[in-house]
Amino acid sequence: MLDIKFIRENVDIVKNAIKVKGVSCDLDALLKLDEKIIANKTEVQGYQEKVNALSKQIPVASDDDKKKMVEESKNYGDKIKALEKEIEPDLKKYNALLMSVPQIPDPSVPVGADDSENVVIKTNGEITKFDFQPRDQMELTELNDWVDFDHIAKVSGARIYALKGELARLEVALHMYVLDKLAKKGFRQISCPSLCKIDALFQAGHFVGDDPSVMDNDVYKIEKDELCLAGTSEIIINALHQGEILNEDDLPVLYAGYSPCFRREAGAAGKDTRGLVRVHQFMKVEEFVICKNDIEESKKWHQVLQNSMEELCADMNIPCHVLEACTGDMGFNKIYMTDVEAWVPSQNKYREVSSTSTIGDFQARRTKLRYRENATGKVQYCHTLNSTGVATPRFLVAFIENNQNADGSVNIPEKLRPYMGGVEKIGGKK
RNA sequence: GGAAGAAUGGCAGAGUGGUUGAAUGCGACGGUCUUGAAAACCGUUUUGGGGGCAACUCCAACGGGGGUUCGAAUCCCUCUUCUUCCGCCA
């Protein structure tokens, strides 16, 4: 959500954002409604002022005067009711429109329509070379009996998996490794629920507008209890501090959220249907930052978050590169977004393993999360950022493919060994 | 799942129809005193919005929404959340 004042004063900038993000939003209609609502409000307030004045006089007035005053006040009351009723539909339209105004992308963001126009800004490590024919994720997991797709499909359906044996251990080890690293950087670990109310989804600002049906493709809903399964703990953490006014000294607030994540993937039919890349449920460590309302501060944290995935790839011997998302691919609520993509040898390309987003005050406005500035005593909206710490099983695909040996075993990089009981490799032909 | 109670400012906590945006205490901030600190004393201390160059002024908000009333923190309805007791349970 943007500040209506900002929108009024920066119509061109907002219109441009709507255009480059490819969002549909009738800004002129919004501004027109804004004017109408303000005029209505001013009129209502005038009458309210009169009602208030009379209310103060009535208790001390003589019986005769009292009668007249009550009559007069009643009159104003009727006018107020009429005006409020008149503006009600406009107010609804106004709110819906305001919710459909996107965050303004940073001026540095490349303009583009979709992910094909994202820009590689950095490449880390050499593409993994093998002196044997490397196996793909399916072959590796089959050979080592690391994943059950077939049986579990009968139990739970498509795009579901069960990790088994050493790979299941590896998953836990990776999460522990990342959580440990984040703890050392000052992130507070939080094990999050996946269940949340619909409000929390809109507060996070992933969806355009305020209509629950827009998220039908993405989100699991439990109709009976009016709850959803969150696709990321970002949603829960963002909503956690709603309505609060923090002290500036409390900032930044750093969270390492840990939770199961759920995605319907209904819009992704045919994409990555085999294997562990695109699944309905996965485990994720999510980094979430609440900081001061200062774009430079946000940029600093963006680098910290992005670096954490670059470091993880380096630590796990996985080549990666960093993409700057273009305006059309970056999402409705974002100022700046970078993705880290890890090298997947069998696909001969880089695949997304993390996404870091600078949100500005967009989410904080929706959650009403603010802080008091030390210097001025003024109340400001916080900035929020989020990033993937590690998400499995997707990250495991790059992990096992890049670290594989000719016999189908997979090397455990040195830094991870303490989390894997010291073993140097897992799997392989017996 | 059943029963009862509760939700007020940063926190605690008064207030059950009329100058109550809200007593009091704590905390925080500013000041007096002090070499400094503490204590004591004095003062300040919610947010959002409208109008005004400004001093300032008006409106709204006591969990959310709706209603009754000339007038609601206070009465009614509804939703949400929390607490306690019973039941169930990893």
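We name chains A, B, ... by the order of the sequence lines, and we start the count at 1 in each one.
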request  = For nucleotides B:A22 and B:U45, find the distance between their P atoms and express it as a whole number of Å.
outcome  = 10 Å
key: Selected nucleotide, minimal atom distance to A:Asn52 side chain, candidates B:A60, B:G49, B:C58   = B:A60
message = Nearest to the side chain of A:Pro59, heavy atoms from C-beta on, is which of B:C59, B:G18, B:G49?
response = B:G18
remark   = A:Glu71 CD to B:U69 C1', in whole Å, measures 14 Å
request  = When you get a sec, tell me which of B:G48, B:G18, B:A60 is the closest nucleotide to the side chain of A:Arg370?
outcome  = B:G48
inquiry  = As a test of reading the structure: which of B:C59, B:U47, B:G18 is closest to the side chain of A:Arg372, going by heavy atoms?
reply    = B:U47
key: Rounded P spacing from B:A7 to B:A14 in Å   = 9 Å
query = To the side chain of A:Gln45, which of B:U19, B:G71, B:C58 is closest?
reply = B:C58
request  = Counting Watson-Crick and G-U wobble pairs only, both distances under 3.5 Å, name the nucleotide matched with B:A12, or none.
outcome  = B:U24
key: Toward the 5' end of RNA chain B, by each residue's nearest nucleotide, A:Val70 or A:Lys56   = A:Lys56
ask   = Just checking A:Val379: base, sugar-phosphate only, or nothing, at a heavy-atom cut-off of under 4.0 Å?
value = sugar-phosphate
ask   = C1' atom, B:U57 versus B:U69: distance in rounded Å?
value = 28 Å
ask   = When we call it a touch if two heavy atoms are under 4.0 Å apart, what does A:Asn247 touch: a base, just sugar-phosphate, or nothing?
value = nothing
inquiry  = In whole Å, I'd like the distance from the CG atom of A:Leu369 to the C1' atom of B:G10.
reply    = 15 Å
query = Does B:C41 have a Watson-Crick or wobble partner in any strand here, with both distances under 3.5 angstrom, and which is it?
reply = B:G31
remark   = In whole angstroms, the gap separating P of B:U68 from CD1 of A:Ile80 amounts to 14 Å
P gap between B:A60 and B:A3, integer Å = 39 Å
inquiry  = From CG of A:Leu91 over to C1' of B:G49, roughly how many Å is that when rounded to an integer?
reply    = 13 Å
task = State whether A:Asp34 and A:Arg8 are salt-bridged, where the test is any N-O pair (Lys NZ or Arg NE/NH1/NH2 against Asp/Glu carboxylate O) under 4.0 Å.
result = yes
note = Which of B:U68, B:G18, B:C59 is nearest the side chain of A:Lys81? It is B:U68
request  = Could you state the atom-to-atom distance from CD1 of A:Ile87 to P of B:C59 in whole Å?
outcome  = 20 Å
query = Do NZ/NE/NH1/NH2 and the carboxylate oxygens of A:Arg159 and A:Asp272 come within less than 4.0 Å?
reply = no
query = A:Glu226 has an atom CD; how far is it from atom P of B:U81, in whole Å?
reply = 10 Å
key: Pairwise P distance, B:U47 and B:C77 [rounded to whole Å]   = 34 Å
query = Any ion pair linking A:Asp218 and A:Arg264 (charged N to carboxylate O, less than 4.0 Å)?
reply = no
ask   = Is there a Watson-Crick or G-U wobble partner for B:A6 with both distances under 3.5 Å, and if so, which one is it?
value = B:U81
query = Between A:Lys41 and A:Glu84, does at least one N-O distance fall below 4.0 Å, as a salt bridge requires?
reply = no
remark   = When rounded to whole Å, the CD to C1' distance for the pair A:Glu248 and B:G10 reads 16 Å
message = Set out, in order, the CA-CA distance, both residues' side-chain angles and the distance that settles salt bridge (Lys or Arg N to Asp or Glu O under 4.0 Å) for A:Arg263 and A:Glu265, then state yes or no.
response = CA-CA 5 Å; A:Arg263 307 212 176 162; A:Glu265 300 288 358; 5.5 Å; no
task = Hey, which sits more toward the 5' end of RNA chain B by its nearest nucleotide, A:Gly46 or A:Lys5?
result = A:Lys5
task = Determine the Euclidean distance between corresponding P atoms of B:C29 and B:U46; express it in Å to zero decimal places.
result = 16 Å
ask   = Within this structure, what is the CG-to-P distance between A:Leu246 and B:C11, rounded to whole angstrom?
value = 12 Å
key: Salt-bridge criterion met for A:Glu248 and A:Arg372 (N-O under 4.0 Å)   = no
query = Looking across every strand, which nucleic acid part, if any, lies under 4.0 Å from A:Leu54 by heavy atom: base, sugar-phosphate, or nothing?
reply = nothing
inquiry  = Return the pairing partner of B:A55 with a 3.5 Å limit on both distances, Watson-Crick or G-U wobble; otherwise return none.
reply    = none
task = Could you measure between the two P atoms, the one in B:A39 and the one in B:G50, and give it in whole Å?
result = 43 Å
ask   = Taking any strand in view, what nucleotide pairs with B:G1 in a Watson-Crick or G-U wobble way, both distances under 3.5 Å?
value = B:C86
inquiry  = When you compare the side chain of A:Asp339 with that of A:Asp115, does any pair of heavy atoms fall below 4.5 Å?
reply    = no
query = For A:Lys197, which contact category applies under a 4.0 Å heavy-atom criterion: base, sugar-phosphate, or nothing?
reply = sugar-phosphate
task = For B:A73 and B:U8, measure between their P atoms and round to the nearest Å.
result = 16 Å
